[in-house]
Amino acid sequence: MATVLITSAVLLSPEHAHHLSEVDVLLEDGIIKFIGKQNSIDRADIEVIDAKGSYIAPGFFDLNANFGEPGLETKEDLQTGIASASAGGFTGVAIHPNTNPAIYTRSEVALIVNQSRGAVVDVHPVGAISKKRQGEELAELYDMKLAGAIAFSDGDRSVQQAGLMSRALLYSKGFDGLIMAFAQDESIAGGNKMNEGEVSTYLGMKGIPNLAEELMVSRNIKLAAYHDARIHFSTISTAGSVDLIRQAKENGLRVTCDVAAHHLLLTDESITSFDSNYKVSPPLRTQQDVDALRDGLRDGTIDAVVSQHTPHEIEFKQVEFHIAADGIASLQTVLPTLLSAGLSAEEIVEFLAIRPRQVVGLALPTIEEGAVANFVLFDPTAKWSYDQKSNQSKGTNNPWFGQELVGKVLLTANNKQLTRNTK
């Protein structure tokens with residue numbers, strides 16, 4: 001790694017002495033050697049990056065990403081997933097067990113940990129709650145924790161059996177494990193493909209009511225309260241869910257939650273084109289829900305924003321809407337999505353870097369002299385084209401693919417490596 005001097009970047013890290021100040025940062029072999037102003041170093045071997053108008057902040061951390069390994073490497077392998085995450089400004093990701101085989105034993109957890117060790121992005125496996133994600137029998141949670149699992153979830157499958165979720169919460173409490181719950185009552189959702197409302201009626205499609213999510217949120221809050229256990233809700237999408245979680249927090253329960261970036265911007269109106277790149281789970285909701293989610297972020301109800309990165313092969317997306325797979329390959333477009341949703345640079349750092357790590361108990365990277373560099377440099381006004389040349393993922397299933405976007409990650413640094421986005 002070359003010696004690099006980043007000049008005139010505004011530092012965003014609330015506890016830092018230079019927070020909101022314009023600083024120069026000198027890197028040597030991945031170590032921060034200097035941070036401050038008026039650094040007079042003049043050496044021919046230094047690469048200078050003029051970061052005027054840009055922000056430097058602790059690297060982003062994603063609580064919900066999907067890679068294909070093991071078993072589904074044609075969707076995304078570890079290398080392409082890491083490259084995509086780094087290009088999106090992430091230096092850490094929690095990958096969910098939507099794989100084949102699922103990440104449900106210490107063997108799969110160890111595979112991910114060992115294969116990704118030392119990469120520019122720290123990859124943290126999320127182990128399955130149930131064996132093979134079948135929702136019938138509790139997986140070996142403690143074994144997975146010892147092997148490196150950061151939390152437990154059945155991924156895009158909601159645990160339908162209340163008894164199983166109850167046991168998972170009670171058992172994980174014994175070793176301070178975190179249950180991440182995707183909330184959807186399948187008997188109410190009925191296998192339908194979009195939000196239930198005016199748009200679904202107009203299109204003649206059966207919809208998934210908000211009730212399907214809110215019933216499961218309510219049930220799991222009750223279970224967490226009964227056991228005095230921690231629970232985290234992944235990718236909530238409705239105004240009712242925000243209200244339920246807000247009330248739970250006010251009652252002192254140990255509840256956290258996140259929202260996918262696309263749910264802060266897009267509504268079910270996008271489905272009128274029948275573009276399957278807008279097909280996600282939970283489905284895109286109404287503007288009323290979007291507004292409630294934004295309010296929930298700003299009042300502290302919602303703890304973090306996630307990518308819910310879900311890449312697919314072309315044959316899973318370029319088909320009729322009702323049979324297309326759910327998901328967006330979204331790691332590289334989280335920053336421009338949040339800027340389009342009206343979040344400030346400070347809010348983006350809060351919900352992408354600081355609070356996600358608090359949810360899973362990870363320390364925030366320090367941008368201090370002597371520390372190994374772990375940061376992102378981004379320009380909220382820079383334009384770039386998201387296309388075949390700039391895309392690092394195997395998936396192109398993203399509604400903004402082929403478009404010019406505003407808000408660019410310039411570089412990320414972690415584990416004595418630095419990656420630049422020059423395209």
Side-chain angles (χ1 to χ4, degrees), residues 61-88 90-159 168 172 177-182 234-235 280-281 306-317 325-332 360 391-397 414-415:
F61 188 92
D62 191 3
L63 287 172
N64 188 328
N66 294 289
F67 296 171
E69 203 163 338
L72 299 175
E73 289 85 357
T74 54
K75 296 181 184 295
E76 194 86 284
D77 58 38
L78 279 170
Q79 286 69 38
T80 58
I82 287 169
S84 184
S86 182
F90 295 90
T91 59
V93 294
I95 58 169
H96 283 233
N98 302 314
T99 52
N100 186 20
I103 304 171
Y104 77 101
T105 73
R106 64 185 306 151
S107 297
E108 292 89 22
V109 172
L111 171 70
I112 299 299
V113 170
N114 293 331
Q115 291 287 88
S116 62
R117 184 175 284 113
V120 69
V121 177
D122 299 316
V123 179
H124 300 273
V126 174
I129 294 171
S130 66
K131 291 184 177 180
K132 300 182 181 180
R133 297 198 304 133
Q134 293 177 344
E136 297 173 356
E137 186 178 354
L138 200 63
E140 295 293 343
L141 307 187
Y142 186 60
D143 275 359
M144 288 190 284
K145 171 83 168 183
L146 293 178
I150 198 170
F152 307 98
S153 167
D154 269 359
D156 58 5
R157 298 179 184 174
S158 184
V159 176
S172 62
L178 177 63
I179 297 296
M180 291 182 163
F182 172 62
S234 295
T235 61
V280 292
S281 178
V306 301
S307 73
Q308 203 186 25
H309 177 73
T310 309
H312 288 295
E313 303 92 332
I314 190 171
E315 60 266 28
F316 285 87
K317 276 293 189 179
D326 298 316
I328 298 174
S330 52
L331 274 166
Q332 287 181 243
V360 289
N391 182 40
Q392 300 298 312
S393 173
K394 289 186 178 182
T396 60
N397 53 300
N414 188 30
N415 290 329

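In this chain, numbering begins with 1 at the start of the sequence shown.
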Atom CG of L78 and atom CG of L111: how far apart are they, to the nearest 0.5 Å? 7.0 Å

N/O donor-acceptor pair under 3.5 Å between H96 side chain and A65 backbone: no

Looking at CE of M180 and CG of N64, how far apart are the two atoms once the value is rounded to the nearest 0.5 Å? 7.5 Å

Return yes if some donor-acceptor pair links the side-chain N/O of N100 with the main-chain N/O of L72 below 3.5 Å, else return no. no

Residues at least two apart in sequence or cross-chain that pass ring-ring contact (aromatic ring centres under 6.0 Å, His included) with F67, listed by chain then number, are none

Pairs meeting criterion salt bridge (charged side-chain N to carboxylate O under 4.0 Å, His left out) with involvement of residues 125-134, two or more places apart: K131-E137, R133-D156

Run the side chain to side chain contact (heavy atoms under 4.5 Å, CB included) test against S86 and tell me which residues pass, sequence neighbours left out. V120, V121, T412, T419

Donor-acceptor pair, distance only, cut-off 3.5 Å: does the side chain of S107 make one with the backbone of T105? no

Gap between atom CG of D122 and atom CD1 of I150 - 0.5 Å precision: 9.5 Å

Qualifying residue for side chain to side chain contact (heavy atoms under 4.5 Å, CB included) with D62, from T91, I95, V93: V93

Using the side chain to side chain contact (heavy atoms under 4.5 Å, CB included) rule, take V123 and I82 through it: C-alpha gap first, then chi angles, then the decisive distance, then the call. CA-CA 8 Å; V123 179; I82 287 169; 3.8 Å; yes

Got a sec, which residues hit side-chain hydrogen bond (donor to acceptor under 3.5 Å, both in side chains) with T235, two or more places apart in sequence or on another chain? none

Hey, is the main chain of A128 close enough, under 3.5 Å, to the side chain of D154 for a donor-acceptor pair? no

Backbone of S307 reached by a side-chain donor or acceptor of S330 within 3.5 Å: yes

Please check this pair: side chain of T80 against backbone of E76, looking for a donor-acceptor N/O pair closer than 3.5 Å. no

CG (L138) and CZ (F152) are apart, to the nearest 0.5 Å, by 9.5 Å

Counting distance only, does the side-chain N/O of H312 pair as donor-acceptor with the main-chain N or O of K317 below 3.5 Å? no

Any donor-acceptor pair under 3.5 Å from S158 side chain to F182 backbone: yes

May I ask you to check whether Q134 and S130 show a side-chain donor-acceptor distance below 3.5 Å? no

Quick one: side chains of residues 139-147, donor-acceptor pairs under 3.5 Å with protein atoms, not counting sequence neighbours, listed by atom name and distance.
none

Is the backbone N or O of A110 less than 3.5 Å from a side-chain atom of N114, with the two atoms forming a donor-acceptor pair by type? yes

Residues forming a ring-ring contact (aromatic ring centres under 6.0 Å, His included) with Y104, sequence neighbours excluded: none

